[in-house]
Amino acid sequence: MSHNLLLVLPLLLPLLGAVACLLVGQRAKVQAILAGVVQAAWLASASVILYEVSQNGIFATRIGNWPAPFGITFVADLFGALILTSAAVVGLAVWLFSLQGLDFERKRIGYYPLLLLLQMGVSGACLTGDIFNLYVWFEVLLICCFALLSLGGTRAQLEGTLKYVTINLIASGLLLTGIGVIYSLFGSLNMAVLAQQVRQHGHQSMPLLSLTSIFFLTGFGIKSAIFPLFFWLPASYHTPPIAISAFIAGLISKVGIYTLIRLFTLLFVSDLDFMLPLLLVLSGLTMVVGVVGAAAQTDFRKILSFHIISQIGYMLMGLAIYTPLALAGSVFFIVHNILVKTNLFLVSGVVARLHHSFSLKKLGEVYCRQPMLALLFLVSALALAGMPPLSGFWGKFMLAKGGFEAGNYTIVGVSLFVSLATLFSMTKIWNEVFWKNKPASELPIPESAPKATVPTVWLLYTPVVLLFIAILFISVYAEPLIGLAQQAANQLLYTKAYTDAVLNQ
Amino acid sequence: MVYLLLTGFLVAFAAPLLHHWLGRRVFVPLTLLPLIFSAYFIWQVPGVLAGETVTQSISWVPSLGVQLQFRLDGLSLLFALLVSVFGVLIMLYSRGYMGETPLLGRFYMYLTLFMVAMLGIVISDNFFCLFLFWELTSITSYLLIGFHQHKSESRTAAWQALLVTGAGGLALFAGLLLLGQASGEITFSGMMQSGMDIRGSSLYLPAMVLVMLGCFTKSAQFPFHFWLPNAMAAPTPVSAYLHSATMVKAGIYLLARLSPVFNSAEIWQFTLPLVGGITAVMGAALALKHTDLKAVLAYTTISALGLLVMLLGIGTDEATKAALVFLVAHALYKGTLFMVAGTLDHCTGTRQLPLLKGLGRRLPWVGAAATLAAYSMAGVYPSLGFVGKELLYESALHNNGTLGLVLGVALLAGMVFVAIALVLSFRIFWRKSSHPIALQHAASPYLFLPPLLLGLASLAGVSATTPLLLQASLSIAPELHTSGKLVESQGFSLVVQLSALTTLLGLILYLFTPRLHLRPFTTQDFPFGPDSLYHLLFSNFLSGSKRFIHTLQDGYLRHYLVYLLLFFCGLSCYVLWRDALVLHLGDRFYMLQSLRLYEVVLFILVVSALLLLLNTRSRLTSIVVMGLVGYSAALFYILFGAPDVAATQLLIETLTVVIFVLLLHKLPAFSYLSHQVFKLWYVFVAVLFGSVMTYVLLLVQENAVSSDLKDFYGEASYLQAHGRNMVNVILVDFRGLDTLGEITVLAVAAVGVYALLRLKPQKGGKP
Amino acid sequence: MELLLPFLIGILFSVSIYFILHRHLFKLIMGLILFGLATNIFLFVVGGLTNGDVAIIKKTHEVAVVPYADPVPQALLLTAIVIGFGLQAFAIVLIRKVYQSFKSNNLDDLHKAE
Amino acid sequence: MKTIIFSTAIRLLTPVFLLFSVYILFRGHNHPGGGFIGGLICSIAFVFHVLAHGPGVTSRVFFSVVLYYYSRPKSHSYTRYALRVLRANFRNKRDTDEPHKWSFVFLRIRPLYLVATGLLLAASSGIVSLLGQKPFMTSYWLKFELPVIGSIGTPSLFDLGVYLLVLGVVLQFIFIMSKE
């Protein structure tokens, strides 16, 4: 398959799928089938890209056949391909879950096209090599998130979405101004060209470059929910239905951190003496605040939401340590976290579907009634807490080792403390939701609530099991992914391969 | 060995299924498993005794140095045998104890998992391989302690055990990482051979402290001991297996394993005996205060673990041997006693010591088992415990540095052991009682055979295990020359006198125990004890985090915005200040000369419009003024050669005004909200942000470069892309992908608006 | 004008932030729109202002005659304006919905879901 | 707003606006204009129409197609049948005294369909080049130039897609909002 086609497939498939969904009107079932086909195809194309990159190195396509700085270039490197593939796995799982886990009305109006276009945005953000184009894909992501978060329009959703919208619009504004500054200073928008220029005569305009990096740090920092910028996340992620929040929570803030890593390894490398300690402090604070926030919550989804923040801290930590091993740790951690976090959200959805609540106080006895679910949760939760040999452990391992080797003992200590606190929260959920007896006062189930029939339950379980298998796979058979992550980190740190692929076609 | 472990895991995960098929007979295949293990390890004994080591290695994650490397030497084999033989008995005992519960399959699963993990710990050669199994034992222990999941104290105890051992596990993890980094080795055997020069490394000390922390938490050393008595909430087979015989010995195992590396350090020689001594004495003292059978056993276990740590810290030849002998002896007799306790609980329904009386007649075999174990516990000839005690005193006497400490601790602990051994055997079973407790049912063979066998082993184990123990001590301290015997018999020496003294003191203590004010012990007795501190920390962490997060994440959008704006402004200002980025506005004043009148008028218009906007309270006026500002922007674009942009801006502004009017104008009037309290603060933030943006813009203008893109588009736009309007050509051709993304945004906006206004889901909108 | 516009942009940013920090919902949406406008003009100005010709190649030529305005910022700006329109339209509708649903125009009433 | 003068003026002006917007669309490649501006002008025409007449009227007049037909009796020849159906549809004259019943299909062009079509057009203009093994969105131009419009190529198709999409989006906004 030619690279020209391959690289735009992840973009075009969801787009065409969304168009088809819009054209069939409000027939939810047809839309569901269309979306499912697209999900499978998307996963296939992403996997092929990943395979290609791992075999033949970075490759690019020049959109519109214009040479690199003048047109837009799509590049697939390992980092992008890994994120894309895990996004596709998650997409398939969430689609499966939505078949039974989402109400008919939402599916009828808008859910599928919005989800597909969101995936299109993810593809674009992962593959583009142009900084303004990146901004555009982020706006696609953003408005899809707006629409999905508010889909259904319950009060909580509206409140969450309003906060999300306001803060993210400001982030977008900062990004746009930052891009303007970059264009003004360098006269180019292509990231590979910019990378070359920064490395050749970056020091002349270095002060302004670090000033610019503040724009991007804030902008993408908001989108990836790092420490003093994360407030929109716990305010909004727990409000929509699980079929929506699982995808957004599992994926979107990771796309933000993906971009931060991309930019701070490719462009803003002239002022690392200042930036890396700053990022280190931010990552530590992000971790701790996230995990402390989670400890305070008593709602299944809110605990998970706060944990997203703390894990963003881990991902940032790899960037802040800035060695190949630590960066590889971040890459691995992102992939792991996309899968695990989505799975946990889906589990919470299944629990809520069967027991009609997200509140830890009202739930109980899942351990006895749904042992399978308990197992699925336990493994994912322990993976999140970084218990060996589950996937989180490998990420933690690489980060800790990288941190020790770089002499950053404090941050490793903090990260280990945070992983203990993560274990605390996860076992808190386990104790309350799975072990505890269900409070007697909560026993009567509302009459109107839909009864979960056998096929329903099966369909609800399928995506969880799918992700569970994926998690186990990268846990037990971790070496290939770790190898890929290390290659990806090398590609990130030694940008020559990237710039060559973009510029010397 | 690898296949052994693998089979173990498979069988463990199959346990629930097996239970489904076989019912209570599920114990048959699951007992077979440790039986096979035992057979395998016994088969390895001759080789290991001859000094060979069995190694096996499977590549797993080579890029991180995590390999499945296994190595069976004397020490490993000793532990492995302990774990697997014990496993057989526990599986049998569980058959009798657990009865019929729907979760029986899961119980066996966890128990088997634990057994396999424990075997993994003791045969791992790779650091991280060990760590993996180490954490697995923590998890299975958690699940087993919380087996009675409906009881709140079970859950709390399980949680506590997990958090304490988990914290220790993380310390161990960091310690192992540092150790690996300092020595460049990732296997224990490799480090013994070549990595001994890490003593000079600066990481040596932190690594050692971290590893010690890990071991202390796992082996319930002071001040981390408190989880162990609470863990007695687990079913008794679990207590017998995990919390007396095996898991808590994992820390001891690791300390022994690493002692060749660390024992030359002063801090090691100082800390281990001290912590061990405190633990031993404290455990012994607390054991006397309890009336719950399992609690008494738990505290004596803590005490014994303390003795072991102390002995390892002394590190001499005799001490090492003493530690090993005592370890085996303790595992055997304590396991027996726990099982006895479980049987009594099962048959009588209580574990309270004062109630348990006169059981010897009716439960003779149980009584026999208890008596056998008590012999060993009291250290009476010829039990294994006796040998252990002899060696203990010998090592104390041969080491002048720690003579006082060790002797004192050994005497105190030994005395208590004797007393408690008497209580557990004589008082419960054999002393005549006028009010014997009623039996609910007789003990089935499953309930008394395993302890009886184990009790016999503790009596007869001396000769059988001697060579293995010697081999094990060799693998701890390879440079020590050991003779072929454990104890050099020295006749009626000082050691024997001390031993006799201990027994005598113990006897006296026993006679006085009824007069000790026995009452159930609660945390209130020790308001500053570690357990209370743990709970204090726990609840403070919860309440503190609640307060903290409710202050930070208080639900007010404004506050969030202020944080992030200040973050941005602060960093920008810092960078501006650090790099001394100064404007050269003076050089550019000439540009003001080319200012055209209508530009100034436009400027003033916009500013006054904004002022009006700030002051108006009318919604309609606001909308009109907003439109005005938008149209002025369009005029700016026109002035600077951007007709396309201007037209777009004009049209879009019109549409925005229309949407505004349609949606927001007709809303009912709401109260006017003043902003007085924090007004100045918000004005400050707003002005700060505006100034930063202005400053940055002015600064960038001075440093702008001319772009290649502009030249290229100027040349190629018509010739290559067939369009004269460069902006449009860029939009649809050069950067068409941007436009594709952009129209996607519009499309999503349309869908989203439609869904938002049209979708009326059922109430609540639950998942 | 090059010297004046940055100040105008600064004022726009300040006013918009002040509105956004206001607890009145209507002011919030106005602030967001002004913020978008300010970023757009920022992008335009930072790309360099030319008093020269528009970025259109004359009928008589095959390549553009200097001086002409840089088309790139204009194209970016156009994209940004349209994207901004989409986002703002959604935000307006959202705010309208919030009005209806909460029966209030006070942003401070919106902190219950957390 | 619904004064007679206003609504009449709008009714007259709308076709002019529409023509003008199409003109803007096609000249955009060489002069100021293009898909966005054209689409916006066109949609603004409809916006005013909606404001003047209400969304129902606008959508009935411009965005719905009614096709009349009846089942052909044996007695009618194909030609005659076709002619009658055509007359009924174009001149909107139906012979009510006929023995057969007229039935009709009502096609409503929802704005979202326009949006989808626009998106599809824009995307497929890029896909064309993929078929020729060229990168996505590589432009193809016709060899000759059309009068008034100028040269035609895949970018023009793209622009048309943008035009339709913008139109659809704005219509969607206006229809929904004016119903609120």
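Keep in mind the model is a prediction, meaning the values are calculated, not measured. Letters A, B, ... mirror the listed sequences (proteins, then strands); counts begin at 1.
- For chain A, the nearby part of Ile139(B) is the side chain; its heavy atoms alone come within less than 4.5 Å.
- Annotation for Leu185(A) and Val705(B): closest pair O-CG2, 3.2 Å, computed over non-hydrogen atoms.
- Side-chain atoms of Leu571(B) and Leu278(A), non-hydrogen and from C-beta on, do get closer than 4.5 Å to each other.
- With a threshold of 4.5 angstrom between heavy atoms, Phe568(B) approaches chain A through its backbone and through its side chain.
- For Tyr713(B), the part sitting under 4.5 Å from any heavy atom of chain A is the side chain, from C-beta outward, and nothing else.
- Interface remark: Leu375(A) contributes no atoms to any contact with chain B (heavy atom separation under 4.5 Å).
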Checklist entry - Going through the checks in order, is the ring pair (Phe, Tyr, Trp, His ring centres under 6.0 Å) test met by Tyr563(B) and Trp232(A)? => result CA-CA 12 Å; Tyr563(B) 294 137; Trp232(A) 54 271; over 10 Å; no
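- Residue contact with chain A, scored on non-hydrogen atoms closer than 4.5 Å, involves the backbone and the side chain of Val61(B) alike.
- Phe274(A) carries Arg578(B) over the face of its six-membered ring, with the cationic atom under 6.0 Å from the centre and within 45° of the normal.
- With contacts defined as side-chain heavy-atom distances shorter than 4.5 Å, the pair Phe434(A)/Gln149(B) does not qualify.
- Side-chain contact between Asp708(B) and Ser188(A) is absent, with no heavy atoms from C-beta onward closer than 4.5 Å.
- Within the 4.5 angstrom heavy-atom criterion, atoms from both the backbone and the side chain of Phe131(B) approach chain A.
- Contact of the Leu737(B) side chain with the Trp137(A) side chain is registered, since non-hydrogen atoms from C-beta on lie closer than 4.5 Å.
- If you measure heavy-atom distances from Ile222(A) to chain B, the contacts under 4.5 Å come from the side chain alone.
- With a 4.5 angstrom heavy-atom cutoff, Ile170(A) touches chain B only via side-chain atoms.
- With a 4.5 angstrom heavy-atom cutoff, Leu163(B) touches chain A via backbone and side-chain atoms both.
- Neither the backbone nor the side chain of Leu697(B) comes within contact range of chain A; no heavy atoms are under 4.5 Å apart.
- Residue Phe393(A) touches chain B through its side chain alone, counting heavy-atom pairs closer than 4.5 Å.
- Among all heavy-atom pairs drawn from Val140(A) and Thr744(B), the shortest one is CG1-CG2, 4.1 Å.
- For the set Gly736(B), Ala167(B), Pro102(B), Pro62(B), the count of heavy-atom pairs under 4.5 angstrom toward chain A peaks at Pro62(B).
- Residue contact with chain B, scored on non-hydrogen atoms closer than 4.5 Å, involves the side chain of Thr177(A) exclusively.
- For Ile244(A), no part sits under 4.5 Å from any heavy atom of chain B, backbone or side chain.
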Item to check | Test log, rule side-chain contact (heavy atoms from CB on, under 4.5 Å), inputs Trp66(A) and Phe712(B) | outcome: CA-CA 11 Å; Trp66(A) 299 108; Phe712(B) 175 82; 4.3 Å; yes
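- Counting heavy atoms from C-beta on, the side chains of Leu136(B) and Met387(A) never come closer than 4.5 Å.
- With a 4.5 Å cut-off on non-hydrogen atoms, Leu114(A) touches chain B through its side chain but not through its backbone.
- At a 4.5 Å heavy-atom cutoff, Val753(B) makes no contact with chain A through either its backbone or its side chain.
- For the 3.5 Å distance criterion, the side chains of Ser707(B) and Tyr183(A) qualify, holding a donor opposite an acceptor.
- At a 4.5 Å heavy-atom cutoff, the contact between Leu117(A) and chain B is made by side-chain atoms alone.
- Looking at Leu103(B), the atoms closer than 4.5 Å to chain A (heavy atoms on both sides) all sit in the side chain, from C-beta outward.
- Residue Tyr135(A) does not touch chain B at all, counting heavy-atom pairs closer than 4.5 Å.
- Under the 4.5 Å side-chain criterion, counting only non-hydrogen atoms from C-beta, Tyr560(B) is not in contact with Phe230(A).
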Checklist entry - Given the rule in the ring pair (Phe, Tyr, Trp, His ring centres under 6.0 Å) test, do Tyr556(B) and Phe231(A) qualify, once you have shown the distances and angles that lead to the verdict? => result CA-CA 10 Å; Tyr556(B) 292 105; Phe231(A) 301 97; over 10 Å; no
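- Of the residues considered (Leu148(A), Leu158(A), Val193(A), Val476(A)), Val476(A) shows the highest number of contacts with chain B, using heavy-atom pairs under 4.5 Å.
- Looking at Glu405(A), the atoms closer than 4.5 Å to chain B (heavy atoms on both sides) sit in the backbone and in the side chain alike.
- Cation-pi geometry between Arg106(B) and Tyr367(A) is met: the NZ or CZ atom falls under 6.0 Å from the ring centre, inside 45° of the normal.
- When heavy atoms are compared at a cutoff of 4.5 Å, Phe567(B) approaches chain A solely by way of its side chain, counted from C-beta outward.
- Contact annotation for Leu325(A): only side-chain heavy atoms (C-beta onward) come within less than 4.5 Å of a heavy atom of chain B.
- Looking at Trp60(B), both its backbone and its side chain come within 4.5 Å of chain A, counting heavy atoms on both sides.
- Neither the backbone nor the side chain of Arg547(B) comes within contact range of chain A, judged by heavy atoms closer than 4.5 Å.
- In this structure, chain B has heavy atoms under 4.5 Å from both the backbone and the side chain of Phe215(A).
- Contact of Leu118(A) with chain B is not made at all, since no heavy-atom distance falls under 4.5 Å.
- Within the 4.5 angstrom heavy-atom criterion, no atom of Pro16(B) approaches chain A.
- Proximity to chain B (any heavy atom under 4.5 Å) is shown, for Val412(A), by neither the backbone nor the side chain.
- Only the side chain of Ile549(B) has a heavy atom closer than 4.5 Å to any heavy atom of chain A.
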